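Take a look at the structure set out below.
Residue numbers begin at 1 in each chain, while the letters A, B, ... track the order of the sequences. Keep in mind the model is a prediction, meaning the values are calculated, not measured.
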Number of protein chains: 2
Amino acid sequence: MISGKFAITIHILTLLHKFPNDYLSSEFIAGSINLNPVLVRKEIANLKAHHIVESKEGKNGGTKLAVNATELTLRQIFEMTFESIGLGFAKNQPNPDCPVGKNINKHLETLYNEMNQKVSAQLENISLEDFSNQF
Amino acid sequence: MISGKFAITIHILTLLHKFPNDYLSSEFIAGSINLNPVLVRKEIANLKAHHIVESKEGKNGGTKLAVNATELTLRQIFEMTFESIGLGFAKNQPNPDCPVGKNINKHLETLYNEMNQKVSAQLENISLEDFSNQF
DNA sequence: ATATTTGTAATAAATTTTATTACAGTATGA
DNA sequence: TCATACTGTAATAAAATTTATTACAAATAT
């Protein structure tokens, strides 16, 4: 299901921003990321579902940005890629007969939610254009 | 190498804080986390290396806290477990012949570093005792 | 028409994470 | 002093997750 979705997505979007007049192929993009083109297309499908990009099928087809890069924030990308900050949970259900085990995940979740809010606030202030213009 | 190191470690430490007078066995701790005892012992080895806990081998052995829970911050735990916040990098080297590919990881790293600073600042304000007293 | 590209599913390979097994070494206490 | 119950650690296996590959239908430019 792709773990580095955020990184891949921001890479795709940066490329699209650098070539605003072209429809870039998944092959081309995959060549820059060094990733399988099918995975690129999957992330693009997600971006399309959020109306961030548009693609054209067929020969000379590809994908281009459909929004203004100054108005797209890294926070939106963060949220679109279903990412969230966290430091893990006990994978198996912790022991419900132990007062600590019973509640640990709840408390960790609260903590992680606070972390996510801080991170989101930070990402809110960075637009795709800001990010892309660093290159 | 254990991915939820932070979560496991904080679970261990919370238990130790709840039973300040006992040496808790890895078996007991593992029963609360619902994790293999060997992995608990590995995390404890890390805590020992940082002088956060002390253990006693042999019969009736186990582990207990060696520091004051009011003085141990979640930030320290975060750092001790070598965790860091991030949203991934392209796993394979991105294409060095592409201006975006060549620099993306560097820029992502800068971004992630900023995120880590924010998160660290937040975790700095929470002690093990604060966390544990929620239970 | 042909070639190129998206879209998507199915499957395989690789990697990472977690669990298990095994056993030497250490302390306790009957 | 001997059986027992732990830690510590290595080696291996199993499970889960992530990434890659293959395949092909549908679309479209030239």
Side-chain angles (χ1 to χ4, degrees), chain A residues 1-9 11-12 15-16 19 22-50 52-64 66 81-83 86-95, chain B residues 1-9 11-12 15-16 19 22-50 52-64 66 81-84 86-94:
Chain A
M1 240 280 155
I2 304 183
S3 96
K5 290 192 286 282
F6 176 85
I8 292 169
T9 297
H11 194 146
I12 293 169
L15 286 170
L16 297 180
F19 297 93
D22 299 329
Y23 282 90
L24 302 185
S25 75
S26 61
E27 195 82 37
F28 174 84
I29 295 170
S32 171
I33 306 183
N34 192 4
L35 188 74
N36 193 286
V38 174
L39 302 180
V40 171
R41 299 208 281 272
K42 272 193 184 151
E43 288 317 300
I44 284 173
N46 183 35
L47 287 167
K48 280 182 64 176
H50 287 86
I52 305 298
V53 303
E54 55 180 88
S55 341
K56 207 168 61 172
E57 291 189 35
K59 189 167 179 182
N60 297 334
T63 302
K64 78 198 267 287
T81 51
F82 317 110
E83 300 267 12
L87 296 168
F89 295 98
K91 205 205 107 201
N92 295 325
Q93 284 304 11
N95 189 338
Chain B
M1 242 281 156
I2 303 183
S3 96
K5 291 191 287 280
F6 177 86
I8 292 170
T9 298
H11 194 146
I12 293 169
L15 287 170
L16 297 179
F19 297 93
D22 298 329
Y23 283 89
L24 302 185
S25 74
S26 61
E27 194 82 36
F28 174 85
I29 295 171
S32 172
I33 307 182
N34 193 5
L35 189 75
N36 193 286
V38 174
L39 301 181
V40 171
R41 299 208 280 272
K42 272 193 184 152
E43 288 316 301
I44 285 173
N46 183 34
L47 288 167
K48 281 182 64 177
H50 287 86
I52 305 298
V53 303
E54 55 181 88
S55 338
K56 205 168 64 174
E57 290 189 34
K59 190 168 179 180
N60 298 332
T63 303
K64 78 197 269 287
T81 51
F82 317 110
E83 300 267 11
S84 65
L87 297 168
F89 295 97
K91 206 205 109 204
N92 295 324
Q93 285 303 12

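Distances were taken from every side-chain heavy atom of A:Ala45 (C-beta onward) to each of D:dT7, D:dA20, C:dT8; the shortest belongs to C:dT8. The side chain of B:Lys48 has D:dG8 as its nearest neighbour among D:dG8, C:dA19, D:dA20.
Every residue two or more places apart in sequence or in another chain was checked for a side chain to side chain contact (heavy atoms under 4.5 Å, CB included) with B:Glu57, and none qualifies. Under the side chain to side chain contact (heavy atoms under 4.5 Å, CB included) criterion, B:Asn36 pairs with B:Val38, B:Leu39, not counting sequence neighbours. With sequence neighbours excluded, the residues satisfying side chain to side chain contact (heavy atoms under 4.5 Å, CB included) with A:Lys48 are A:Ile44, A:Val53, A:Ser55. Residues satisfying the side chain to side chain contact (heavy atoms under 4.5 Å, CB included) test with A:Asp22, not counting sequence neighbours, are A:Phe19, A:Leu24.
Taking a pair as Watson-Crick or G-U wobble with both distances under 3.5 Å, DNA chain D forms stems of 3 or more consecutive pairs at C:1-30 with D:1-30.
When all heavy atoms of B:Ala7 and A:Gly88 are compared, the pair lying nearest together is CB-O, 3.0 Å. Shortest non-hydrogen contact noted between B:His11 and B:Ser32 is NE2-OG, 2.8 Å.
In this structure, B:Phe28 places its CZ atom 17 Å from P of D:dA5, rounding to the nearest Å. In this structure, CD of B:Glu27 is placed 11 Å from P of D:dA5, rounded to the nearest angstrom. Atom CD in B:Glu43 sits roughly 13 Å away from atom P in D:dG8 (whole-Å rounding). One can place OH of B:Tyr23 at 17 Å from C1' of C:dG29, the figure rounded to the nearest angstrom. Here the C1' atom of nucleotide C:dG7 and the CD atom of A:Glu54 are 17 Å apart, to the nearest Å. Counting to the nearest Å, the P atom of D:dA15 and the CG atom of B:Leu35 are 16 Å from each other. Summarising the geometry, the separation between CD1 on A:Ile12 and P on C:dT6 is reported as 11 Å, rounded to the nearest angstrom.
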Contact letters for nucleotides 21-30 of chain D, in which S counts primed atoms plus P, OP1 and OP2 and B counts the base, heavy atoms under 4.0 Å:
BBB--BBBBS

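Interatomic distance, B:Leu16 CG to B:Leu47 CG, rounded to the nearest 0.5 Å: 8.0 Å. Put simply, CD on A:Glu43 and CG on A:Leu35 are 9.0 Å apart, with the number rounded to the nearest 0.5 Å. The CD1 atom of B:Ile8 sits 10.0 Å away from the OG1 atom of B:Thr81 when rounded to the nearest 0.5 Å.
Between B:Ser55 and the phosphate of D:dG8, there is a side-chain N or O to OP1/OP2 separation shorter than 4.0 Å.
Across all strands shown, B:Ser26 has heavy atoms under 4.0 Å from sugar-phosphate atoms exclusively, and none from any base.
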